[in-house]
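What you are looking at is a predicted structure, and each value in this text was computed from that prediction instead of being measured.
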Amino acid sequence: MGIEVKHLVKTFDKKVILDDISFKVDDGKILSIVGFSGSGKSTVLKLISGLLEKDSGEIVTTGGDIAMVFQYSALFDSLNVFDNISFALQERKDLRGKYTQKELRRIVAEKLELVGLSGIEEKFPSELSGGMQKRVSFARAIVTEPKIILYDEPTAGLDPISSTLIEDYIVRLKNETHAASIVVTHQMSTIRRTADSVLMLYNGHAVFEGTPEELCREETPYTRQFVEAAIDGPMKMN
Ligand SMILES: Nc1ncnc2c1ncn2[C@@H]1O[C@H](COP(=O)(O)OP(=O)(O)O)[C@@H](O)[C@H]1O
Ligand SMILES: [Mg+2]
């Protein structure tokens with residue numbers, strides 16, 4: 001299953017942001033959503049995760065948890081890494097008290113290992129680099145064993161090497177969890193390294209849908225403008 005979106009429509013204050021958007025992401029696959037600022041990428045993620053209500057259309061997802069990873073790692077500064085990660089389990093009413101302290105230690109250690117950060121449980125966010133904080137936020141996102149992972153610009157603001165690391169962890173988490181993932185990004189490197197397919201939004205519509213190779217190869221005015229980051233083209237920045 002994964003994620004299936006059919007004829008999704010969303011308006012804000014009578015302005016149509018998403019006008020009949022449809023796509024599918026299978027389990028174990030990554031869809032990259034691209035487009036200018038304001039094209040509705042974050043809105044798609046918020047509709048899937050239930051933070052926003054759609055106007056019409058259908059969103060069908062595999063049952064189970066949906067994890068959201070934001071551009072800013074959004075860790076609690078006053079909590080150490082262990083507490084930041086285990087918080088995600090303890091804030092859930094249905095999971096509260098389910099695990100002993102020892103089990104929580106084991107689960108957190110397991111997730112930290114997955115993002116290459118074993119043994120940093122006692123550190124505070126201020127003691128970590130931006131890239132490490134982001135990886136801790138990944139560990140926190142997967143602690144509830146989500147079936148769907150939504151990343152909103154996970155590599156924005158990172159240097160190229162930190163971006164590459166984060167991209168590789170996105171792929172690793174996909175392989176480990178077999179979740180269906182969506183990665184919103186502006187970066188070609190992130191698309192190339194992570195995505196199985198790409199959806200480009202403009203003016204409420206999907207103006208391209210295909211593989212990363214097709215995005216680079218296809219000579220449509222939209223794909224060319226995006227790949228070349230050209231100012232001139234059919235897409236106008238408002
Ligand atoms: N809660 C909201 N209320 C009103 N307008 C919103 C709201 N959220 C987003 N918008 C508008 O919807 C459009 C798409 O926003 P967004 O999905 O954040 O774009 P993107 O993530 O592609 O940059 C923007 O014009 C934005 O101003
Ligand atoms: Mg956004």
Side-chain angles (χ1 to χ4, degrees), residues 2-3 25 27-30 45-46 48-51 61-159 161-185 190 193-194:
I3 307 166
V25 192
D27 289 329
K29 296 287 181 198
I30 298 179
L45 300 190
K46 288 176 191 161
I48 293 171
S49 65
L51 288 172
T61 56
T62 312
D65 240 43
I66 298 179
M68 272 281 254
V69 182
F70 297 97
Q71 175 177 350
Y72 300 102
S73 46
L75 300 176
F76 299 109
D77 291 332
S78 60
L79 298 183
N80 68 18
V81 167
F82 174 81
D83 289 333
N84 260 292
I85 296 175
S86 60
F87 177 81
L89 284 172
Q90 299 187 304
E91 71 170 349
R92 286 261 309 260
K93 283 200 189 72
D94 54 325
L95 295 178
R96 199 174 297 152
K98 183 178 168 197
Y99 301 105
T100 63
Q101 195 62 18
K102 202 173 152 200
E103 285 167 327
L104 283 176
R105 288 273 157 196
R106 179 185 53 76
I107 294 167
V108 170
E110 219 173 76
K111 302 309 176 201
L112 279 175
E113 200 205 328
L114 260 181
V115 295
L117 292 175
S118 289
I120 67 156
E121 281 89 337
E122 307 310 320
K123 294 233 187 272
F124 284 84
S126 60
E127 300 175 86
L128 306 173
S129 70
M132 286 165 86
Q133 291 181 19
K134 192 146 283 182
R135 281 147 68 193
V136 171
S137 74
F138 281 23
R140 182 174 61 182
I142 57 166
V143 81
T144 54
E145 311 277 336
K147 293 282 175 276
I148 289 168
I149 311 178
L150 309 173
Y151 301 88
D152 202 347
E153 306 200 27
T155 50
L158 293 180
D159 62 81
I161 293 172
S162 302
S163 290
T164 304
L165 252 175
I166 291 295
E167 289 154 5
D168 288 350
Y169 281 115
I170 290 172
V171 173
R172 183 154 176 203
L173 293 191
K174 172 194 82 163
N175 292 336
E176 293 283 338
T177 62
H178 211 62
S181 313
I182 298 180
V183 180
V184 166
T185 184
T190 306
R193 279 185 96 81
T194 66

d(L75 CG, N80 CG) to nearest 0.5 Å is 11.0 Å

The criterion is side-chain hydrogen bond (donor to acceptor under 3.5 Å, both in side chains); which residues satisfy it with S78, sequence neighbours excluded?
none

Among residues two or more places apart or on two chains, list those pairs meeting ring-ring contact (aromatic ring centres under 6.0 Å, His included) that have a residue in residues 98-150.
F138-Y151

Heavy-atom closest pair, residues A67 and A141:
CB-O, 3.3 Å

Please check: side-chain N/O of Q133 versus main-chain N/O of L128, any donor-acceptor pairing under 3.5 Å?
yes

Which residues pass the salt bridge (charged side-chain N to carboxylate O under 4.0 Å, His left out) test with D159, not counting sequence neighbours?
none

Sorted by chain and residue number, the side-chain hydrogen bond (donor to acceptor under 3.5 Å, both in side chains) partners of E103 (sequence neighbours excluded) come out as T100

Working to the nearest 0.5 angstrom, can you tell me the gap between T61 OG1 and I66 CD1?
4.5 Å

Any side-chain heavy-atom pair from L117 and M132 closer than 4.5 angstrom?
yes

For residues 64-89, pull every pair meeting salt bridge (charged side-chain N to carboxylate O under 4.0 Å, His left out), keeping only residues two or more places apart or in separate chains.
D65-R92

Go through the structure and list residues passing salt bridge (charged side-chain N to carboxylate O under 4.0 Å, His left out) with K174, not counting sequence neighbours.
D196

Check: E167/T194 side-chain N/O donor and acceptor closer than 3.5 Å
no

From L45 CG over to L150 CG, what is the distance, rounded to the nearest 0.5 angstrom?
5.0 Å

Going by side chain to side chain contact (heavy atoms under 4.5 Å, CB included), name the residues that satisfy it together with T62, two or more places apart in sequence or in a different chain.
M1, D27, K147

Who pairs with F70 by ring pair (Phe, Tyr, Trp, His ring centres under 6.0 Å), at least two apart in sequence or on another chain?
none

Among residues at least two apart in sequence or on other chains, which ones pass side chain to side chain contact (heavy atoms under 4.5 Å, CB included) with F76?
L79, N84, F87, R140

Which value, rounded to the nearest 0.5 Å, describes the distance between I3 atom CD1 and I48 atom CD1?
5.0 Å

From I142 CD1 over to E176 CD, what is the distance, rounded to the nearest 0.5 angstrom?
8.0 Å

Can I get a per-line list of side-chain donor-acceptor pairs under 3.5 Å for residues 177-184, giving both atom names and the distance, sequence neighbours left out?
{"residue": "T177", "atom": "OG1", "partner": "L173", "partner atom": "O", "Å": "2.7"}
{"residue": "T177", "atom": "OG1", "partner": "A179", "partner atom": "N", "Å": "3.1"}

Side chains of L104 and Q90 in contact at under 4.5 Å (non-hydrogen atoms)
yes

Go through the steps to decide whether T164 and R193 satisfy the test side-chain contact (heavy atoms from CB on, under 4.5 Å), and finish with yes or no.
CA-CA 8 Å; T164 304; R193 279 185 96 81; 3.4 Å; yes

Could I get the full list of side chain to side chain contact (heavy atoms under 4.5 Å, CB included) partners for L165, not counting sequence neighbours?
R135, Y169

Tell me, which pairs form a side chain to side chain donor-acceptor pair (under 3.5 Å) where one or both residues lie in residues 105-114, sequence neighbours left out?
R105-E122, R106-E110, K111-E145

Report the distance from atom CD1 of I85 to atom CD1 of I120, rounding to the nearest 0.5 Å.
7.0 Å

